[in-house]
Amino acid sequence: MTENLAGAQILQEIFQAQIVAQELPECAIASAGNVFRSTAIEVAMVQAAMQPWVEMECYQLSQGKLVAQMDSLDLGSQQVVRERQEVAVQKLGIAPPNFCTVSCCTPDPTSRFSELCAADADSIFFMPGNFEFDVYVPAGVQTAYVSFNQDEFLDGARALNPADWERAPSQLLSIHTTQQAAFKNVVNQFLKVTETFAALDEVVGTSVMQSALLQNILQIAVSSGANESRPSPIERSRAFHICRMARIFVEDSLAADILPTIVDICTTVGVSERTLQYAFRTYVDMSPQAYLRMCRLNRVRETLLASDPQNTTVTAVAMRFGFLHLSRFAFDYKRIFDELPSATLAS
């Protein structure tokens, strides 16, 4: 963990597409192996070439010089991409083996993801590996996707929701959810975080980013929710046992500088996310996600109180415990402990 927090040189470079003669305006930032790019694209082939993790062709289908604005974050085995089409395009290709994406787009009755219409504001898409896709995106539509190692994603999906994800999907799925806005927010946050930390001269290690990204998207795409009634009194004893096991696992993980996730807890305790949700509502009257965040906040406080302000920073401690959104972290910290984290460190 401490290696992930070490300072790293911020590299600035201008990307030159080799398949065209002209230079394209782009900002590229590399930090600890994480590459963020923001590019104005004038040639549809370049839009495809800038996503080398997918075999794809892209064709311009309507008039305009500017094809798209594309922002991407490459984390090695994971990618975050946001594209705003200035002209209509068609994308044809095939997903690599053991590769999957979760995506959404601006609702539009003419948008199409293979056979599925993309007009629903309450849907996101799951595309499995080896899937041959044919996408039509009209001008003015913004699309966003996150790609993962499929085995890793499905392991987490089964841990959270074994009933729906027992078998690996072989076709494109449209997943009904009320959290499309949350998905877009995750994409926006992770595209921004590299720039933010670079400006602060802080580094988030790739493994921290990958874990946080996977857990955020899993919670949106596959979580079974907890809308049903709470466990009956007969189940309270089991709920207490489940949560005690979960709490011990969380404490041991944090003590070892390992950031536990809901997937880790479900796997270790041997329950689905739905069962875990029920149990924690009985145990502490909050969701397991909220409880886990509170555990991490308390660990930050303990660490700040025990640290020398001359030798550490609030940012370094926050990132150590997985808080990548610094403004939200500071807000939550002050709301819970009635003081800013900087005040705790200085005390």
Residue among Val187, Ile220, Thr101 satisfying side chain to side chain contact (heavy atoms under 4.5 Å, CB included) with Val146: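 Of all the options given, the one that passes is Val187.
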
Determine whether [X] and [Y] make a side-chain contact, defined as any pair of heavy atoms from C-beta on separated by less than 4.5 Å.
X	Y	value
Glu339	Lys334	no
Trp165	Leu154	yes
Leu213	Gln210	no
Phe125	Ile175	no
Leu61	Val87	no

Is it the case that the side chain of [X] and the backbone of [Y] share a donor-acceptor pair, with hydrogens and angles ignored and the cut-off at 3.5 Å?
X	Y	answer
Glu86	Val67	no
Ser147	Gln79	yes
Arg158	Glu166	yes
Gln60	Gly64	yes
Asn161	Val222	yes
Thr344	Arg301	no
Arg299	Leu254	no
Thr106	Val141	no
Thr39	Ile41	no

Pairing residues for Asp71 by the salt bridge (charged side-chain N to carboxylate O under 4.0 Å, His left out) criterion, not counting sequence neighbours: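 Here the qualifying residues are Arg82.
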
Plane angle bin for Phe280 and Tyr283 - parallel if under 30°, tilted between 30 and 60°, otherwise perpendicular: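 Aromatic pair Tyr283/Phe280 classed perpendicular.
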
Closest non-hydrogen atom pair, [X] against [Y]:
X	Y	answer
Cys105	Gln180	O-OE1, 3.8 Å
Leu345	Ser307	CD1-CB, 3.9 Å
Phe148	Leu214	CE2-CA, 3.7 Å
Gln215	Val263	OE1-CG2, 3.3 Å
Leu304	Pro341	CD1-O, 3.7 Å
Leu160	Pro162	C-CD, 3.7 Å

Atom pair [atom1]/[atom2] of [X] and [Y] - distance to nearest 0.5 Å:
X	Y	atom1	atom2	result
Phe126	Ser174	CZ	OG	13.0 Å
Asn185	Phe190	CG	CZ	10.5 Å
Cys100	Asp151	SG	CG	9.0 Å
Gln171	Phe131	CD	CZ	5.5 Å
Cys58	Leu92	SG	CG	9.0 Å
Gln289	Asn216	CD	CG	10.5 Å

Shared hydrophobic cluster, Tyr291 / Ile248 (ILVMFWY, side-chain heavy atoms < 4.5 Å):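 Shared cluster, no.
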
Cluster check Leu340, Tyr333: I/L/V/M/F/W/Y, side chain < 4.5 angstrom: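 In one cluster with Leu340: Tyr333, no.
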
Should we say atom [atom1] of [X] is surrounded by more than 12 heavy atoms from elsewhere, each under 6.0 Å from it?
X	atom1	value
Glu55	CD	no
Glu251	CD	yes
Asp308	CG	yes
Arg335	CZ	yes

Salt bridge (Lys or Arg N to Asp or Glu O under 4.0 Å) between Glu42 and Lys65, intermediate numbers included: CA-CA 6 Å; Glu42 296 184 357; Lys65 180 175 177 57; 3.4 Å; yes

Gln47 and Tyr59: CA distance, side-chain angles, deciding distance, side chain to side chain donor-acceptor pair (under 3.5 Å) verdict: CA-CA 9 Å; Gln47 188 171 355; Tyr59 300 97; over 6 Å; no

Residues Lys91, Asp134; criterion salt bridge (Lys or Arg N to Asp or Glu O under 4.0 Å); working and verdict: CA-CA 6 Å; Lys91 302 176 183 179; Asp134 180 338; over 6 Å; no

Side chain to side chain donor-acceptor pair (under 3.5 Å) between Thr267 and Asp264, worked out: CA-CA 5 Å; Thr267 301; Asp264 295 334; 5.8 Å; no

Asp332 with Arg293: basic N within carboxylate O range, under 4.0 Å: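 A salt bridge is present here (some side-chain N lies under 4.0 Å from a carboxylate O).
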
Cationic tip of Arg328 above Phe323 ring, under 6.0 Å, 45° of axis: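 Geometry flag: not set, cation outside 6.0 Å or 45°.
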
